[in-house]
Amino acid sequence: DKKTDNAHTVTALIIHTGEDKFLFREINIIKENHLADSIFVIIPSNRQFNEECTKDYGFVNWAVFQKEYDRVDMVVMIAKETTQEFIMLLDSSYNITVFDKNAVLGIFDSDEHTACVSPYVYSNVNVVFPTCYAPKINDGVRADIISVIPEYPIQNTLYPFMLLGIYKRNVFLLDVNVDSKIKDVDCRAYDFFARLWLMGY
């Protein structure tokens, strides 16, 4: 596969939560446009896995979970199996569009404190969907999501939409990042990015 001019390597991790046809569309876009050097598809335990897929997509690594894990746990487990410099976290419920891979990875080169570059998300009527989030403690117990529509092409945020984005692999896998004692997946995500921020990213 063709690599970027700056020789960065990327693994695409796709969490399969949508329809199969959207997963295959996503895989094909990644492959045809050389957006990643390897592809892993994460199949949660509550989804049926069609083994026929492996015949048509032999270049894809399939991670089928037998036990129930949340998306943070699944991604961390599979990310440990990768060797590329960057991780591109996707979800088959959200269509990926072709993007300038060199431009995105260039953001990391220009700012060593960047841990993740998060995407813009468009609705089915082509309206920008909020991608910046902040936690709000409701009733002193529950963390609710407050969404903000970005005003600028690049806007710093602690909480990317659904964890989607491109990460530095070594930063994503720092042992201190995920607290397994936190049961709520949203709170775990908030904690994850807050820890990165406190570490200077």
Side-chain angles (χ1 to χ4, degrees), residues 10-20 22-24 26-27 30 36 38-51 53 60-84 86-96 115-121 129-148 157-199 201:
V10 179
T11 296
L13 303 182
I14 307 173
I15 303 175
H16 187 28
T17 63
E19 296 181 40
D20 287 350
F22 297 131
L23 171 65
F24 302 145
E26 208 157 86
I27 291 172
I30 293 169
S38 63
I39 301 173
F40 282 76
V41 174
I42 298 171
I43 311 290
S45 61
N46 61 353
R47 292 195 63 92
Q48 278 196 314
F49 174 58
N50 182 2
E51 293 189 12
C53 300
V60 172
N61 302 286
W62 302 90
V64 183
F65 282 83
Q66 302 298 322
K67 295 181 180 179
E68 185 177 348
Y69 294 97
D70 64 39
R71 66 171 47 223
V72 178
D73 278 332
M74 289 189 294
V75 171
V76 169
M77 281 188 263
I78 301 307
K80 288 179 179 178
E81 301 299 319
T82 68
T83 57
Q84 275 72 32
F86 291 92
I87 295 167
M88 178 167 60
L89 180 55
L90 305 168
D91 189 311
S92 62
S93 291
Y94 302 93
N95 291 336
I96 185 176
C116 171
V117 176
S118 185
Y120 279 90
V121 179
F129 193 81
T131 57
C132 295
Y133 289 84
K136 177 184 179 183
I137 304 301
N138 185 24
D139 299 327
V141 178
R142 170 76 187 179
D144 290 334
I145 293 175
I146 300 174
S147 57
V148 181
T157 177
L158 279 177
Y159 311 106
F161 174 72
M162 298 292 287
L163 297 181
L164 303 182
I166 297 180
Y167 297 80
K168 289 180 180 177
R169 178 182 178 274
N170 63 333
V171 174
F172 188 84
L173 291 178
L174 288 171
D175 288 338
V176 298
N177 283 349
V178 178
D179 187 344
S180 59
K181 294 179 182 178
I182 299 175
K183 300 303 180 186
D184 183 277
V185 66
D186 288 330
C187 291
R188 293 183 74 189
Y190 299 152
D191 181 72
F192 171 82
F193 284 102
R195 286 169 185 257
L196 286 184
W197 182 79
L198 289 169
M199 294 177 68
Y201 291 99

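Atoms considered below: every heavy atom in the structure, side chains included; atoms not considered: hydrogens, waters and symmetry mates. One-based numbering along the sequence shown. Since this is a predicted model, take the numbers as computed values, not measurements.
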Distance, nearest 0.5 Å, that separates [atom1] of [X] from [atom2] of [Y]:
| X | Y | atom1 | atom2 | answer |
| --- | --- | --- | --- | --- |
| I78 | I87 | CD1 | CD1 | 10.5 Å |
| L196 | K168 | CG | NZ | 10.5 Å |
| M74 | I42 | CE | CD1 | 6.0 Å |
| E26 | H16 | CD | NE2 | 10.0 Å |
| L13 | M77 | CG | CE | 12.5 Å |

Is there a side-chain contact between [X] and [Y] (heavy atoms, below 4.5 Å)?
| X | Y | result |
| --- | --- | --- |
| T11 | R169 | no |
| I30 | L90 | yes |
| F65 | P44 | no |
| Q84 | V10 | no |
| L173 | K80 | yes |

For [X] against [Y], the heavy-atom pair lying closest together:
| X | Y | answer |
| --- | --- | --- |
| G18 | S93 | N-OG, 3.4 Å |
| F40 | E81 | CZ-O, 4.4 Å |
| D70 | D73 | OD1-N, 3.0 Å |
| T17 | R47 | O-NH1, 3.2 Å |
| S92 | I14 | N-CG2, 3.9 Å |
| I27 | V60 | CG2-CG2, 4.0 Å |

Worksheet item: Below 6.0 angstrom between ring centroids: does that apply to F86 and F172?
Response: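 No.
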Item to complete: For N95, check side-chain hydrogen bond (donor to acceptor under 3.5 Å, both in side chains) against everything at least two apart and list the hits.
Response: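 Once residues adjacent in sequence are excluded, N95 has no partner under the side-chain hydrogen bond (donor to acceptor under 3.5 Å, both in side chains) criterion.
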Practice prompt. Check the angle between the aromatic planes of Y167 and F192 and answer parallel, tilted or perpendicular using the 30° and 60° thresholds.
Written response: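 The arrangement is perpendicular - the two ring planes meet at more than 60°.
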Discussion item. Quick one, D91 with L163, criterion side chain to side chain contact (heavy atoms under 4.5 Å, CB included). Give me CA distance, side-chain angles, the key distance, then yes/no.
Written reply: CA-CA 10 Å; D91 189 311; L163 297 181; over 6 Å; no
